[in-house]
Structure formats: C-alpha cells, structure tokens
Protein chains: 2
Amino acid sequence: MAEITGTGDPARSLSLLWRLVEPAPRGRGAEAGLSVDRVVDAAVALADTEGLGALSMRRLATDLGVGAMTLYTYVPGKAELLDLMVDSVLGEFPSLYSPAADEWRARLEALARASWTQYERHPWLLHVAASGRPPLGPGVLTKYELGLQAVDGTGLDEVAMDAVFTLIEGFVAGTARGVVDQVAAEEATGITETEWWEATAPVLDRVYDPERFPTVTRVGPVAGEAQQAAYDPRRAFEFGLARLLDGIAVLIDDAPSTPITEVLPEKSPWP
Amino acid sequence: MAEITGTGDPARSLSLLWRLVEPAPRGRGAEAGLSVDRVVDAAVALADTEGLGALSMRRLATDLGVGAMTLYTYVPGKAELLDLMVDSVLGEFPSLYSPAADEWRARLEALARASWTQYERHPWLLHVAASGRPPLGPGVLTKYELGLQAVDGTGLDEVAMDAVFTLIEGFVAGTARGVVDQVAAEEATGITETEWWEATAPVLDRVYDPERFPTVTRVGPVAGEAQQAAYDPRRAFEFGLARLLDGIAVLIDDAPSTPITEVLPEKSPWP
DNA sequence: AGGGCTAGTCGTACAGTGTACGACAAGGAA
DNA sequence: TTCCTTGTCGTACACTGTACGACTAGCCCT
C-alpha cells in the first residue's frame, strides 16, 4: 500500500505546515534539542538514503537519539510527518528550475526536467499518495507558483493553466515512477534490468502462442531489443514529453481560449 | 510503500503465469480442493472489495478456509501472488474494449477509457508496482496486443507504436491514481473532497502571503472553485487525453516516420 | 526558598505483517 | 503392511504505528 497523506484535520495540518505554533520549548523540553524541523530533516535524510521503507518511527527516533514516542510531541502522527516531508523537499524546487526562457515551450520543458530531477533526488515522493489533498504548505505552493508562471502568458485562462501544469506534473511523476520501480526491483532481486530481460525474453519466446498475439509478436521484440528491457522510463519520458508539448501547442496556438469547462459532463468522478 | 512485483526468478514466475505445471493434486492434496486459480481468484475478490490493504496471507487463507501457510503450497510468496492477480485481471481487458472504429484517434480514445474502467474496477492495480518488469503472462499480453492493434496502421514504426501505447497507459494510470487516492482519503478521514476543500480554502487564504505567490493567488482560487477541490482527476483525464491525442496526431500526420531512436542520448536512466 | 504545575520523555502493550521451520498425517506405491 | 511423497498448518521472529500512563525536569508564583 502507498502511504497516505492528508489524514487529520486540515487546520491542524496547515498550522504545522506554516509553522504557526512553533512551541518555544519549555519544561524538560530543551533536553534533546528537538524541533519539528529537526524531525522532518532527519526523516527526509533517512528516506533519501534508505528509502521510505526504512522510515519507521522507531528508526527515526533512534537516528535522533530519542525514544520512539518522543516524536509524537512534535508531530501528530506519521501521516502528518509525511506531509511535512513532502512540503519540505518541494520547497527546494527553485534551486532546480530557473524560469529563464521567454518561449513557453522551453519553459515547460525545463519545468518537466526540473521536476524529474526532484523525483530523482527524492524517489520516496512518488510513494506518498499526495495527489488528492496535497499538503498546501509553502513548499508545495512554491512549486505550484513556478509551474503556473511557466504557463503564464500563453493566453490560456486560469483553469487551463492549472490543467496544463497538472498534466505535465502527472506525466513526469508517472515516468519517474517507472525508474524508481526498476531501481527498487534491482535492489530487491540483485538482477539488473537487462539481465532480467535477457533471462525472460527467450523463455517467453517459447511459452506463448504467436498466433494469439500477432501484433505483439511483430512489435514486442523490436521494442524490447531497442530498450534492452520491457520498459525504458527515460525513453518514455523523452518521447512522452515531446508528444505532450505538441498537444499543448495545439491548444495554445489554434484555439487561444476554448473554455474546457463546457466540454465536460457534470459531476461525480466515481460511481 | 508500494507492493513490489517481479521478485523471484523469471522462469519460475513465467511457468506459474502460464500455468505450465498445474500439479495434479495427490497425497493429502485434494483435501481442501485448492488450486492456483482458486487462490488467485479469492485474492482478487478480496482486493476488489476491501482493498489491497486487507489482502494479507492470513486473511486470504481464512477466506479460503485454510491455514495461512497452506497458501505457500500454491504460490511461492506474496509477490508472485500479486503478479498472478495483475495478470488475471488484465486478462479481462477484451470485455472492456472492442476495437471497432477505423479512425486511429477513436481507437486510442476507446483504449484509454477502457483502461480507465479497468482501474475503476480494480483500484489496487495502481498500488502494485509492476511498471518495470511486468508479469508477462497471458493477461498482460492480451492487453498489450489490443493496445498495439489500436495504434497499428498509423504508419508508425514498431518502437513508436510501443511508445504511444506506453504513453497512454501511463497517463491513464496516473489520473486514475488520483481518483483512487481521493477515495482512499475519503474513507480514511470520513471527510469528502469538497468538505476538505471548503475547510482548507479559507484557512489557507489567511495563512499565506499573496505577494510571495502572485500567480497562485490569481489562478489557484479560480481553478479550485471550478473543481470544488484542489484536484479533479476526471477533469484531468478528459483534458489530458485531448492534449495527448493532439500531440500524437502531430507525430502521425506531420512526420510519418521519424525514428525517435536517433533523437535520444545513449544510456543509463539513473546515475 | 519552596511548592505546584506544566510539558517533554519514553517503557510497555496490542494487534497486525510475511514467511522460515518443522511436526504431522493422509494417500498411493511397493 | 510398510514406506515415502506431498499437502497442511502451529509456532516463532522481527517488524509496524501508536494509545496509555508513569516519570521527571524546569519554570512560575508565592
């Protein structure tokens, strides 16, 4: 299961994210010299180096030289800690993306590559299910601000601007997840992607019926050979990004202001 | 953490996926009348109704009226069970997608919607990290075959066909994940998406500096109001699919055979 | 200076997880 | 009948997040 975020009441989470009530430590407090920031930083460091799987409250407490339950003084629970971690690392986004170009396409491409780099540095971001109900702290908003700036000045209305940013973000996250999954698989099995493919391809060749999957028989081996794997995420990123930007260009150039709102049905995403 | 697939040696997994060695039950075997298929079906049913979180070996065994360790007679471990589950439900794809239209765009759109429906029925698919090293069983290949057929006849070469299918698949999975995450958040908190947004928006309004996030200040509220949430996955799906197909159209119409292989750098997706 | 209260610390406990190990028993083969 | 194969499954281990309550160090007030 993916780790869930956005649990707990919104007001509590928001005041934590914006550090509204940094509680000047009193009583026995200063003993360990802890703070929300120190806890979050240690958690990020742990997740960066050893993965989200290694991030347990006990382990984090040990890293901080403190008992497990002590963490709950600074953070209501693990879900909120993850919120804070996400917001914290997203705040680094400006250091990865400098909105130089005055061509929108170059800006969006740079945005996508910066986002990719971010997932590269903090792969665990992809395992935190924050897509709905994002932790709306300063870090998240900073990234959102820069993303919107990249699509600004294209003639798109506000709703479309948000939609374009969301589309690119989701695309990058999807392809980055491919890399993370592959790295995780390599670490878990000790077999590299190429080795796995070389072990799988010949066995598969003999096991399945070419007449049942004619198109796969024609396409699969060619694609597999070209990628030396069943799936090459970096290729998928380059290919998909080009297609995506082409599609966005159609929207920007051809129909400067088509409100998408009208083309959509009414409500209820899920039955 | 996401559940990992593709562990264990490829040959063993493949023979399981293709049911190469269905072991005619002997000895005390027939006692419970179990089989790989019965185990997999029960696991799918459990994950469908109660989510991947409820799928534990103990719970599954209880559902089948059997001791926990008995399952390991039929399945080497949970990872392989997940492989089998994925392949099993992907095999249902033909019932969702009928490749009628002779317009490629209509075909790809139908493909995307069918895939969306599949994730709707089996949301746990999105929590199984199978993107790299997919379980190459009959079910996976069936979906792959239909997907490739949908892009066939467009003049694209084999590598591009695979890339287009992968792009659409990844896009659908990404937006569907948004829905699943939101549903999960609603179930975990008891607060609907709209309620959460209504509780969050005003607090957020007062907490952050409009001058620090000028574009967000302009765009955010409009987008949020239009979606009654921070993120509306169904909208994102409709919007993104249109852009994606536009971008693919550029590839198909304008440049009938540009081998993407040449535009790409050489190796190593990750450092 | 002395007492009381507050607030940070953390040991223990509970209900879970996947699965290694080994004991057991039932059926077929000799 | 005896043996051996093969499926069954109880127990155990090292984990997880966190509720509860006991403990105590330091600040404030008298």
Side-chain angles (χ1 to χ4, degrees), chain A residues 1-5 7-8 12 21-39 43 46-47 50-85 124 127-128 188, chain B residues 1-5 7-8 12 21-36 38-39 43 46-47 50-85 124 127-128 188-189:
Chain A
M1 287 294 297
E3 315 259 358
I4 304 181
T5 331
T7 317
R12 176 101 174 81
V21 280
E22 192 69 68
R26 282 178 29 198
R28 208 179 149 199
E31 213 168 78
L34 277 193
S35 66
V36 175
D37 285 289
R38 291 227 325 130
V39 171
L46 179 54
E50 303 191 37
L52 201 56
L55 176 64
S56 74
M57 298 304 269
R58 268 175 262 255
R59 170 64 196 278
L60 178 57
T62 305
D63 283 11
L64 286 164
V66 110
M69 295 313 292
T70 300
L71 299 178
Y72 290 87
T73 307
Y74 300 93
V75 155
K78 200 185 183 184
E80 288 83 356
L81 173 60
L82 289 168
D83 274 346
L84 289 165
M85 292 169 64
W124 49 269
H127 294 300
V128 182
Chain B
M1 288 295 296
E3 315 258 359
I4 304 179
T5 333
T7 319
R12 175 103 174 77
V21 280
E22 194 70 67
R26 284 177 28 197
R28 207 179 150 200
E31 212 168 79
L34 277 192
S35 66
V36 176
R38 289 226 329 128
V39 170
L46 179 54
E50 304 191 38
L52 202 55
L55 176 65
S56 74
M57 298 304 269
R58 269 175 262 257
R59 172 63 199 279
L60 178 58
T62 305
D63 284 11
L64 286 164
V66 109
M69 294 313 291
T70 300
L71 300 178
Y72 290 87
T73 307
Y74 300 93
V75 156
K78 200 185 183 185
E80 287 83 356
L81 174 59
L82 289 167
D83 274 347
L84 290 165
M85 291 169 65
W124 50 269
H127 294 300
V128 182
T189 59

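Lettering of chains follows the sequences in order, A, B, ..., and the numbering in each one begins at 1.
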**Request:** May I ask you to evaluate whether B:Arg58 reaches the phosphate of C:dT17, defined as a side-chain N or O under 4.0 Å from OP1 or OP2?
**Result:** yes
**Prompt:** Quick one: A:Leu55 CG to D:dT16 P, roughly how many Å, whole number?
**Reply:** 10 Å
**Complete:** From CG of A:Leu60 across to C1' of D:dT18 the rounded distance in Å is 14 Å
**Prompt:** Which distance, rounded to the nearest 0.5 Å, do you find between the NE2 of A:His127 and the CG of A:Leu55?
**Reply:** 12.5 Å
**Request:** Calculate the interatomic distance between B:Leu64 atom CG and D:dC9 atom P; express it in whole Å.
**Result:** 11 Å
**Prompt:** Below 4.0 angstrom from OP1 or OP2 of D:dT8, is there any side-chain N or O of B:Tyr74?
**Reply:** yes
**Request:** Round to the nearest Å and state the distance from A:Leu71 atom CG to C:dG11 atom P.
**Result:** 12 Å
**Asked** Which whole-number value in Å describes the distance from A:Tyr72 OH to C:dG8 P?
**Response** 17 Å
**Prompt:** Do A:Arg59 and D:dT16 share a donor-acceptor pair, side chain to base, under 3.5 Å?
**Reply:** no
**Message:** If you only use heavy atoms from C-beta on, which nucleotide in C:dG18, C:dG11, C:dT9 is closest to the side chain of A:Met69?
**Reply:** C:dG11
**Item:** Gap between atoms CD and P, on A:Glu80 and D:dG17 respectively (whole Å)
**Value:** 13 Å
**Prompt:** Which of these nucleotides, D:dC9, C:dC10, C:dG8, is closest to any side-chain atom of A:Thr70?
**Reply:** C:dC10
**Request:** Could you tell me whether A:Arg59 and A:Glu50 make a salt bridge, using a distance below 4.0 angstrom between a side-chain N and a carboxylate O?
**Result:** yes
**Fill in**
When every non-hydrogen atom of B:Pro76 is compared with those of B:Arg12, the smallest separation belongs to CG-NH2, 3.4 Å
**Asked** Is a side-chain N or O of A:Thr62 found less than 3.5 angstrom from the main chain of A:Arg58, in a donor-acceptor match?
**Response** yes
**Message:** What is the separation between atom CE on B:Met57 and atom C1' on C:dA20, rounded to the nearest whole Å?
**Reply:** 13 Å
**Message:** If you only use heavy atoms from C-beta on, which nucleotide in D:dG7, C:dG8, D:dT18 is closest to the side chain of B:Thr73?
**Reply:** D:dG7
